[in-house]
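Scroll down for the structure; my scribbles are underneath it.
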Amino acid sequence: MTDKMRRQTLAVAAIAGLAFSAGQVQAAQCGSNAAGFETWKRQFSEEARGRASAASLAALQNTTYSTATISADRGQHSFKLSLEQFLAKRGGPAIVSRGRALKRQNAALFDSIEQRYGVPPGPLLAIWGMETGFGAVRGNVNTLSAVATLAYDCRRSEYFTDQLYAALTLIDRGLLTPSTRGAAHGEVGHTQFLPKNVLAYGTGDLNNVGAALSSTANFLKAHGWRAGAGYQPGEPNFAAIQGWNAAPVYERAIALLGRQIDND
């Protein structure tokens, strides 16, 4: 072998070695059951070095595969109901009644939110009532385990990998802890924010009612809400409600319940 050939061979080997190393770093493999979760966590932590702290990655290693999360993710059948069926299942009249009472009781809070963000009370109360029954049911699933499980699960791995990085950042900032508990998909607070939305739109502790409602208004404003414009289907602000949840029946329910609350 000539020196030139030897150099070419070494160069090819070096490139192959780099490619192999890159493959190792990016080797976290999604799965559809608990069997590969522990291996995935180790692989993900290798990928995440430099993007997440050692402390948050240590917290990730203590997570468990959440069967409750997978069950909830596979069982979202109510979004396939008609609007009337959906409202009956979710207790639409009760949300309106309770929402109207809370609007009167917290008039100063809602006035200040509308003045700052341009969002009236109705849609905020409809979201609050729909998401957690006005704070009564905020979930009891470990948040980091829920998000990690969905990042590992092949169905929406890419989307929830972004959410996992956000959750690790929130842990580093002290806004989440490894023991934080919430809804099955990793949502937290009175209006159920996913980790990326906490980072982008959160205005304080989402377990505080005022902060949660302000954060929700901030989200809607960032998604195009215009003060004084309508928010029913076909009206300018309906697109902001669509940004909140992708299920058409949910979007129409929020618009309808919000209007009924606002028109009290």
Problem set entry | CG-CZ distance between L194 and F160, expressed to the nearest 0.5 angstrom | 5.5 Å

Problem set entry | I127 CD1 to I241 CD1 distance, which is reported to the nearest 0.5 Å | 6.5 Å

For this session: Work out which heavy atom in F219 is nearest to a heavy atom in A240; give both atom names and the distance.
Result: CE2-O, 4.3 Å

Exercise. Do L170 and V198 have side-chain heavy atoms sitting under 4.5 Å apart?
Worked result: yes

For this session: Give the C-alpha distance, both sets of side-chain angles, the deciding distance and a yes or no for side-chain contact (heavy atoms from CB on, under 4.5 Å) between L213 and L109.
Result: CA-CA 9 Å; L213 294 172; L109 171 63; 4.0 Å; yes

For this session: Identify whether the distance between the nearest side-chain nitrogen and carboxylate oxygen of D111 and R116 falls below 4.0 Å.
Result: no

Exercise. Between Q192 and T132, do the side chains contain an N or O donor and an N or O acceptor separated by less than 3.5 Å?
Worked result: no

Seminar exercise, completed: Tightest non-hydrogen contact, residues A255 and P233, listed as CB-CD, 4.2 Å

For this session: Dump the intermediate steps for side-chain contact (heavy atoms from CB on, under 4.5 Å) on R74 and D153, then the final yes or no.
Result: CA-CA 11 Å; R74 304 294 191 264; D153 186 64; 2.8 Å; yes

For this session: Compare every heavy atom of P93 with every heavy atom of L87, then report the nearest pair and how far apart it is.
Result: O-CD, 4.4 Å

For this session: Return the minimal non-hydrogen interatomic distance between S215 and G204, and the atom names on each side.
Result: OG-N, 4.4 Å

Exercise. Is there a side-chain contact between L150 and Y159 (heavy atoms, below 4.5 Å)?
Worked result: no

Exercise. Any chance CZ of R51 has more than 12 other-residue heavy atoms, nucleotides or ligands included, within less than 6.0 Å?
Worked result: no

Seminar exercise, completed: Scanning both residues in full, the closest heavy-atom pair of T143 with G182 reads OG1-N, 3.5 Å

Exercise. Hey, what's the ring geometry for H190 with W128, parallel, tilted or perpendicular (30° and 60° as the breaks)?
Worked result: perpendicular

Problem set entry | Derivation of the side-chain contact (heavy atoms from CB on, under 4.5 Å) call for E114 and F110 | CA-CA 6 Å; E114 185 166 9; F110 286 108; over 6 Å; no

Exercise. Does the pair Q85 and S82 meet the rule for a side chain to side chain donor-acceptor pair (under 3.5 Å), with working shown?
Worked result: CA-CA 5 Å; Q85 292 170 329; S82 70; 3.2 Å; yes

Exercise. More than 12 heavy atoms of other residues, nucleotides or ligands under 6.0 Å from CZ of R226: is that the case?
Worked result: no

For this session: Evaluate the side chain to side chain donor-acceptor pair (under 3.5 Å) criterion for residues D73 and H185: first the C-alpha distance (whole Å), next the side-chain angles of each, then the deciding distance (0.1 Å), finally the verdict.
Result: CA-CA 7 Å; D73 191 59; H185 286 75; 2.9 Å; yes

For this session: Tell me yes or no: between the side chains of N218 and T203, is some donor less than 3.5 Å from an acceptor?
Result: no

Problem set entry | Heavy-atom check, side chain of V249 versus side chain of L81, under 4.5 Å | no

Exercise. What closest approach, in Å, do N207 and G189 show between heavy atoms, and which atom pair accounts for it?
Worked result: OD1-CA, 3.7 Å

Problem set entry | Stepwise ring pair (Phe, Tyr, Trp, His ring centres under 6.0 Å) check, F44 with Y165 | CA-CA 10 Å; F44 180 87; Y165 276 116; 5.1 Å; yes

For this session: Enter the distance from R90:CZ to M130:CE here, rounded to the nearest 0.5 Å.
Result: 6.0 Å

Exercise. OG1/T63 to CD/E38 distance, rounded to the nearest 0.5 angstrom?
Worked result: 7.0 Å

Exercise. Can you find a pair of side-chain heavy atoms, one from Y152 and one from L164, that are under 4.5 Å apart?
Worked result: no

For this session: Compute whether any side-chain donor of one residue and acceptor of the other, for T149 and T69, lie under 3.5 angstrom apart.
Result: no

Seminar exercise, completed: Only residue of F193, Y201, Y250, Y231 satisfying ring-ring contact (aromatic ring centres under 6.0 Å, His included) with W244 is F193

Exercise. Got more than 12 heavy atoms from elsewhere within 6.0 Å of CD, Q105?
Worked result: yes

For this session: Under the side-chain contact (heavy atoms from CB on, under 4.5 Å) rule, what do E46 and Q43 come out as? Steps first, then yes or no, please.
Result: CA-CA 5 Å; E46 288 297 320; Q43 293 170 338; 5.8 Å; no

Seminar exercise, completed: d(R98 CZ, K103 NZ) to nearest 0.5 Å is 14.0 Å

Exercise. Rounded to the nearest 0.5 Å, how far does CD1 of I261 lie from CD1 of I254?
Worked result: 8.5 Å

